[in-house]
Amino acid sequence: MPGRRNQPENPTIYTFTGWFQDSMYLMPPSDAANQTPLYRICVELDLNPFLPVSYVTKIIRISLNNKRAVLRMGDTATRLTNVLYSVNSSPKHFNWILAHRLHWDCREILEDGSPLCICYLPLSNQTSQPSSSAPQSIKIAVLIPPPPDRSPPHPDATLTVYPLGHQIMDEILVSALVVERMLTR
């Protein structure tokens, strides 16, 4: 599959900076020529008297009460329950359906206690009779948040985006933040 302009040929590891004042940034790899942050993530307390306590970010709006959680991305606004589904009632395995279908699997734990969250993009059947050896999905990103039970200082979270994932990086980032919120509930 030919690459798009500005699409890396190899996986790229982005780092979430530590929380500073009111923001966290998603930074390019340390060896990138341009060190400008790719995303700024801000969180504020939403004191709407008609909602339970909730938090607002630049990219998403999520409340701690899943029944009231709202996701806003571009012109789309919907309840989080319409976008994120637990697979087999697992608290670490999710399907995401917004502009794209994504599958997040966070069941593996690294030696330091960090969850290893792998994002897959399901593939559509290319042939009328799918081969049993044909892959059903392709890995497009890996999120490694800090271990939830570790004492500070915490390592920075990282998001590795594979070449195909760069085409839908906004949705990968938003879904990664929502999945991380679900893991820390």
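In what follows, every heavy atom counts, from backbone to side chain, and hydrogens, waters and symmetry copies are set aside.
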Side chains of L84 and W104, heavy atoms from C-beta outward: is any pair under 4.5 Å? no
Verify side chain to side chain contact (heavy atoms under 4.5 Å, CB included) between T78 and L98, making sure each step is shown before the conclusion. CA-CA 9 Å; T78 187; L98 192 62; 4.3 Å; yes
Co-members of I109 in a cluster of I, L, V, M, F, W and Y side chains, linked at under 4.5 Å: none
Considering all heavy atoms, the nearest P115-C106 contact: CB-O, 4.5 Å
Applying side chain to side chain donor-acceptor pair (under 3.5 Å), name anything that partners N88, two or more places apart in sequence or on another chain. none
For the atom pair NZ (K139) and SG (C119), what is the distance rounded to the nearest 0.5 Å? 11.0 Å
In this structure, NE2 of H100 is separated from CD1 of I140 (nearest 0.5 Å) by 8.5 Å
ILVMFWY network linking I97 to F94, side-chain heavy atoms under 4.5 angstrom: no
Not counting sequence neighbours, which residues clear side chain to side chain donor-acceptor pair (under 3.5 Å) with S90? List them please. none
Sequence neighbours excluded, which residues qualify as side chain to side chain donor-acceptor pair (under 3.5 Å) partners of S30? none
Of the non-hydrogen atoms in S89 and S86, which two are nearest, and what is the gap between them? C-OG, 3.3 Å
About how many Å separate CG of L143 and OG of S175, when rounded to the nearest 0.5 Å? 9.0 Å
The reported gap from CE in M27 to CG in L159 (rounded to nearest 0.5 angstrom) is 14.0 Å
If you compare all heavy atoms of S137 against all heavy atoms of P122, which two are closest, and at what distance to 0.1 Å? CB-CA, 3.7 Å
Could you give me the CA-CA distance, side-chain angles and deciding distance for V178 and V83, then say whether side chain to side chain contact (heavy atoms under 4.5 Å, CB included) is met? CA-CA 10 Å; V178 173; V83 177; over 6 Å; no
Straight-line distance of Q136 CD to H103 NE2, nearest 0.5 Å: 12.0 Å
Output all residues satisfying side chain to side chain contact (heavy atoms under 4.5 Å, CB included) with A32, sequence neighbours left out; order by chain, then residue number. P28, P29, Q35
Mind running side chain to side chain contact (heavy atoms under 4.5 Å, CB included) on L26 and M169 for me, showing each step along the way? CA-CA 12 Å; L26 185 65; M169 188 158 169; 3.9 Å; yes
Working to the nearest 0.5 Å, report the span between CG of L164 and CG of L121. 6.0 Å
How would you list all residue pairs meeting salt bridge (Lys or Arg N to Asp or Glu O under 4.0 Å) that involve residues 105-115, not counting sequence neighbours? D105-R107
L177 with L38, same ILVMFWY side-chain cluster at under 4.5 Å: yes
Considering residues at least two apart in sequence or located in another chain, which fulfil the side chain to side chain donor-acceptor pair (under 3.5 Å) criterion with E180? none
Enumerate donor-acceptor pairs with a distance under 3.5 Å from any side-chain N or O in residues 9-18 to protein atoms, sequence neighbours excluded.
unit_1, atom_1, unit_2, atom_2, d
T12, OG1, N10, O, 3.4
Y14, OH, H166, NE2, 2.7
T17, OG1, Y25, N, 2.9

Nearest heavy atoms of P146 and S114, plus distance in Å: C-OG, 3.9 Å
Please give the remaining members of the hydrophobic cluster of V87, linking ILVMFWY side chains under 4.5 Å, ordered by chain and number. none
Shared-cluster residues of I118, by chain and number - hydrophobic side chains joined below 4.5 Å: L110, L116, Y120, V142, I144, Y162
Under 3.5 Å donor-acceptor pairs involving side-chain atoms of residues 150-157, not counting sequence neighbours:
unit_1, atom_1, unit_2, atom_2, d
H154, NE2, R150, O, 3.4

